[in-house]
Amino acid sequence: MQEFSSNGVRLAFLDFAPTTADKGEPILLIHGFASNHGVNWLFPQWVKTLTHAGRRVIVFDNRGHGRSEKLHDPALYSPWIMAADAVNLLDHLGIARADVMGYSMGARIAAHMAAASPERVRGLVLAGLGIHLVDGEGLPAGIADAMEAPSAEGLTDPMQRMFRVFAEATKSDLHALAACMRGSRHALSADVVGTIKTPTLICVGSEDDVAGDPEPLAQMMQNARALVIPGRDHNRAVGDKVYKEGVLAFLEGISKA
């Protein structure tokens with residue numbers, strides 16, 4: 001992986017060239033909490049799907065995740081700061097404007113990016129996050145406590161246990177994840193969401209009990225629509241065919257507009 005400095009924080013990224021005729025429309029992918037670029041985007045074949053569709057694809061590990069620098073101060077993980085990381089990566093690569101897709105916490109970061117730097121985002125895909133962008137603060141605060149528990153075995157809450165096991169499977173820095181969870185749990189106000197004019201697709205699994213309903217969020221935004229991914233929960237929606245086909249159609253629609 002390559003690395004760059006985002007306001008003094010070392011972040012790791014990969015930059016993939018299109019494998020078919022280049023559309024000249026790069027896309028930046030932002031992964032979710034306790035995940036990394038590989039788990040969220042490489043393994044579910046998103047990079048292959050998008051590069052095959054003629055797109056330059058940039059993936060990176062959020063601060064505190066994967067191969068990027070691990071920070072243990074919650075104040076360094078606000079969504080605005082993490083959105084600035086994404087903009088800084090585009091600056092580093094000399095990309096003036098890109099499509100941006102985020103999953104779960106990555107969608108929260110992407111929404112903050114579109115609100116703070118609308119000129120940098122051509123199209124926006126918010127996946128694994130619906131109305132809880134506005135009426136919730138992300139995953140339950142108890143997830144941070146789960147990261148700091150002695151082990152997963154003593155956790156009785158199913159969601160706490162699930163994320164702790166997932167974090168261990170991705171060989172994450174548990175203290176960095178606890179700090180990230182505490183620092184990134186910020187809702188975006190309905191007023192701010194209402195200012196986002198970027199064409200937006202909101203993708204949520206029909207069985208997702210984490211994200212919240214996508215339709216009310218779409219109605220708050222100026223140019224958004226919802227895509228429900230049938231039969232998928234928060235984790236199993238990531239590589240779903242309906243999700244992929246919906247995103248490809250959405251991006252193609254922006255290109256023709």
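Computed from a prediction, not measured in an experiment: that's the story for all the values here. One is the number of the first residue; the rest follow in order along the sequence.
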When rounded to the nearest 0.5 Å, the distance separating SG of C180 from OH of Y77 is 6.0 Å
Among pairs that include at least one residue of residues 82-109, which meet ring-ring contact (aromatic ring centres under 6.0 Å, His included), considering only residues two or more places apart or in two chains? F4-H92, F13-H92, Y103-H234
With side chain to side chain contact (heavy atoms under 4.5 Å, CB included) as the test, would you mind laying out the steps for S35 and T170 before giving the verdict? CA-CA 7 Å; S35 189; T170 55; 5.7 Å; no
Identify, with sequence neighbours excluded, every residue that meets side chain to side chain donor-acceptor pair (under 3.5 Å) alongside N235. none
Residues two or more places apart in sequence or in another chain: which of them pass side chain to side chain donor-acceptor pair (under 3.5 Å) with H112? none
State, yes or no, whether a side-chain contact exists between H37 and L42 at a heavy-atom distance under 4.5 Å. yes
Which distance, rounded to the nearest 0.5 Å, do you find between the CD1 of I109 and the CE of M105? 4.0 Å
Enumerate the residue pairs fulfilling salt bridge (charged side-chain N to carboxylate O under 4.0 Å, His left out) with a member in residues 191-208, sequence neighbours excluded, ordered by first and then second residue. none
Checking R97 now: which residues fulfil side chain to side chain donor-acceptor pair (under 3.5 Å) with it, not counting sequence neighbours? none
Has the side chain of R122 got a donor or acceptor atom that lies under 3.5 Å from a matching backbone atom of I27? no
Taking ring pair (Phe, Tyr, Trp, His ring centres under 6.0 Å) as the test, write out the residues that go with Y243, two or more places apart. W46
What residues form a salt bridge (Lys or Arg N to Asp or Glu O under 4.0 Å) with R164, not counting sequence neighbours? E168
Do T198 and T200 have side-chain N/O donor and acceptor atoms under 3.5 Å apart? no
Rounded to the nearest 0.5 Å, the CE atom of M181 sits from the CD atom of E148 at a distance of 11.5 Å
Could you state the interatomic distance from CH2 (W41) to CE (M101), rounded to the nearest 0.5 Å? 4.0 Å
Starting at OG1 of T49, measure out to NZ of K244 and round the result to the nearest 0.5 Å. 4.0 Å
Between D135 and H132, do the side chains contain a donor N or O and an acceptor N or O under 3.5 Å apart? yes
Tell me whether V204 is reachable from V228 by hopping between hydrophobic residues (I, L, V, M, F, W, Y) whose side-chain heavy atoms are closer than 4.5 Å. no
Ring pair (Phe, Tyr, Trp, His ring centres under 6.0 Å) against H31, all qualifying residues, sequence neighbours excluded: H65
Kindly check if the number of other-residue, nucleotide or ligand heavy atoms within 6.0 Å of NE2 (H72) is above 12? yes
Check whether any side-chain N or O of R161 sits under 3.5 Å from a backbone N or O of T156 as a donor-acceptor pair, and report yes or no. no
Residue pairs, two or more places apart or on separate chains, that pass ring-ring contact (aromatic ring centres under 6.0 Å, His included) and touch residues 196-228: none
Please check if the number of heavy atoms outside R67 that lie under 6.0 Å from its CZ is greater than 12. no
For a side chain to side chain contact (heavy atoms under 4.5 Å, CB included) check, start with the C-alpha distance between D91 and R120, then their side-chain angles and the critical distance, and finish with the verdict. CA-CA 10 Å; D91 288 343; R120 308 302 297 274; 2.8 Å; yes
R63 side chain to L76 backbone, donor-acceptor under 3.5 Å: yes
Looking just at side-chain N and O atoms, do S6 and D85 make a donor-acceptor pair shorter than 3.5 Å? yes
Going by the salt bridge (charged side-chain N to carboxylate O under 4.0 Å, His left out) test, which pairs reach into residues 48-60, not counting sequence neighbours? D15-R56, E25-R55, R55-D99
Pairwise side-chain contact, V9 with I81, heavy-atom cut-off 4.5 Å (strictly under): no
Looking only at atom types and distance, does a side-chain atom of D61 sit under 3.5 Å from a main-chain N or O of A12, one as donor and one as acceptor? no
Which pairs, with at least one residue in residues 124-133 and sequence neighbours excluded, count as a salt bridge (charged side-chain N to carboxylate O under 4.0 Å, His left out)? none
Which value, rounded to the nearest 0.5 Å, describes the distance between L126 atom CG and L217 atom CG? 6.5 Å
Selection residues 219-238 - residue pairs positive for salt bridge (charged side-chain N to carboxylate O under 4.0 Å, His left out), sequence neighbours left out: R232-D240, D233-R236
